[in-house]
Amino acid sequence: MDTLVMEGGRPLSGTIAIQGAKNAALPILAAGMLVEGTVIIDRVPNLLDIDVMLDILRSLGCRAEQIGQSVVLDTTSANSAHIPESLMGQMRSSIFLMGPLLARFGEVEVYRPGGCAIGERKIDLHLMGLRMLGAEIIEDGNRIVCRARRLTGTEIHLDFPSVGATENLMMAAVLADGATTITNAAREPEIEDLQNFLNSMGARVSGAGTGTIRIEGVKRLVPCRYRIIPDRIVTGTLMIAAAATRGQVTLTGANPSHLTSLIHVLRRAGVQVATEGDIIRVGGVIRPKAVERIVTSPYPAFPTDLQAQLTVLLALADGVSVVKEMIFEERFRHVEELVRMGADIRVEMNSAVIRGVPRLYGTTVEATDLRAGAALVIAGLAAQGKTVVEQVHHIDRGYERIEAMFASLGARIMRFAAVPSNRVIPG
């Protein structure tokens, strides 16, 4: 497994363009299965999760190729609705294919998906909604088979505003007979992006970004070319890293309206944040201020995907902060690693009590999941001395060459292949 090695204590400085959104690209690639023909998706990041999704699409008989930042997906020869268990186990987002395959082929066979170990992420809302659309679902251990001669529009209320369930049901409903209404729908920007992509292919979807989404079923869709939104979590990670290292960073091609909750928190911590169009400028301070209480909740509240990164900044703040995690019960796995770097953090149930310390110290730490890994990289960049982050493959699921991203802003960071225990890593 690769490792990242960095020498901390250098303020980040410079300008960087934001990559496309992984969490928008994955459902949009899945939605490409709804049409017969070739779709082109632009601004797709080169990520491990994208590679897995393309492998899944190829296993279904598609031609899928990534050329630079564009993916060309030809579904004309798609001949299978069975997703191999080995591929589903690599990425939770493979579940997005249930709706499109069921809508196009009348059946789909999947297995319970894998992904980051950040807590239980059930798919019961996905299955409940598909049943309401008319699907017959058979659960046989880890295997799930869905069949429907024809899906029929209906009214679906989600007990929780699940992003994945909202997107899956949107995709299933676009080819259903009649109208579908999804209430208590998730409101994330990636859902609005999916709506815009579907409508570019001739679907009739409205309301994404609000709690109620309406879909008027159509008979068929047509191919299109589409450019996805910037990645708000990568943007937020860079903003927090700039603040934690006391740097000055300009982010271009961003969407500040997707990050209002983070911008509010950073300003409360004393960080300078200025926005203009698609540009965000972040200026760190000598020492940030503690933020009394932050609660992660569904969009537009503070995102769980930025909780670990923000914890690093608060670990260096003046005073005591409390972060309450309301989405995933295992999302404090980074805390133990930060404590090894000198942080003073205590986890109580689903809250982290963070007493800020003047500095962190470099050591060897392990990325346990995607966002925890990003947080540890930020900690290493801000820490005194050398930090080694292991299990980098988790980070590669959501950040396009994270070492190059930070190196372009002046960080001393390098990637190494698996290193024998007796080898000295260059400083």
Side-chain angles (χ1 to χ4, degrees), residues 15-54 56-57 62-76 93 96-97 99-100 163-164 166-167 170-171 174 186-209 213 215 221-238 250-259 275-280 299 303 305 397-401 404-405 408:
T15 300
I16 189 168
I18 301 301
Q19 69 182 55
K22 180 199 82 159
N23 289 339
L26 291 171
I28 284 174
L29 287 171
M33 289 297 302
L34 288 163
V35 67
E36 184 175 340
T38 300
V39 295
I40 300 175
I41 314 299
D42 295 319
R43 206 187 200 183
V44 178
N46 286 281
L47 303 172
L48 186 57
D49 273 9
I50 298 296
D51 291 341
V52 173
M53 178 61 84
L54 296 182
I56 292 173
L57 293 170
C62 300
R63 182 176 68 85
E65 183 180 8
Q66 183 161 12
I67 305 170
Q69 296 293 309
S70 297
V71 168
V72 179
L73 175 63
D74 183 357
T75 68
T76 306
S93 298
F96 287 133
L97 283 156
V163 175
T166 299
E167 293 175 326
M170 285 171 62
M171 292 185 280
V174 293
R187 299 165 59 185
E188 274 72 3
E190 294 80 13
I191 292 172
E192 189 172 358
D193 208 33
L194 176 61
Q195 170 187 273
N196 294 340
F197 173 69
L198 293 170
N199 289 344
S200 295
M201 295 195 297
R204 299 176 62 187
V205 185
S206 61
I213 298 175
I215 305 106
L221 298 175
V222 295
C224 72
R225 183 165 191 162
Y226 189 79
R227 178 179 173 84
I228 66 171
I229 58 174
D231 195 308
R232 62 191 173 98
I233 305 303
V234 171
T235 305
T237 299
L238 283 161
T250 299
L251 312 174
T252 63
N255 191 327
S257 68
H258 294 169
L259 289 152
T275 65
E276 181 181 353
D278 67 351
I279 297 173
I280 302 175
Y299 188 88
D305 280 354
R397 292 184 50 241
Y399 296 86
E400 189 173 17
R401 296 181 61 229
M405 181 177 80
S408 72

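This structure is a prediction, so every number in the text was calculated from the model and none was measured.
- The backbone N or O of Gly209 lies less than 3.5 Å from no partner atom in the side chain of Glu192, so there is not a single donor-acceptor pair.
- Once rounded to the nearest 0.5 Å, the distance linking CD of Gln195 with CD1 of Ile215 reads 9.0 Å.
- Under the 4.5 Å side-chain criterion, counting only non-hydrogen atoms from C-beta, Tyr226 is in contact with Asp193.
- Annotation: side chain of Leu73 is not in contact with side chain of Ile41 (no heavy-atom distance under 4.5 Å).
- Distance check: Asn23 CG to Asp49 CG gives 8.5 Å after rounding to the nearest 0.5 Å.
- With contacts defined as side-chain heavy-atom distances shorter than 4.5 Å, the pair Leu26/Glu190 does not qualify.
- Side-chain atoms of Thr75 come within 3.5 Å of backbone atoms of Val35 as a donor-acceptor pair (strictly under, hydrogens ignored).
- When all heavy atoms of Leu221 and Ala203 are compared, the closest pair comes out as CD2-N, 3.5 Å.
- A heavy-atom distance below 4.5 Å is not found between the side chains of Thr275 and Leu259.
- Using a 4.5 Å heavy-atom threshold, the side chains of Met53 and Leu57 count as touching.
- Taking OG1 of Thr252 as the reference point, atom CD1 of Ile18 lies at 7.0 Å (rounded to 0.5 Å).
- A 4.5 Å side-chain heavy-atom check between Val39 and Ile28 finds every atom pair outside the cut-off.
- With respect to the salt-bridge test (charged N to carboxylate O, under 4.0 angstrom), the residues Arg225 and Asp42 qualify.
- Counting only heavy atoms from C-beta outward, the side chains of Gln69 and Val44 never approach each other to under 4.5 Å.
- No side-chain heavy atom of Ile50 sits less than 4.5 Å from a side-chain heavy atom of Asn46.
- Atom CD of Glu400 and atom NZ of Lys22 lie 13.0 Å apart (nearest 0.5 Å).
- A distance of 10.0 Å separates CZ of Phe197 from CE of Met171, quoted to the nearest 0.5 Å.
- One finds the CG atom of Asn255 at 13.0 Å from the CD1 atom of Ile279 (value rounded to the nearest 0.5 Å).
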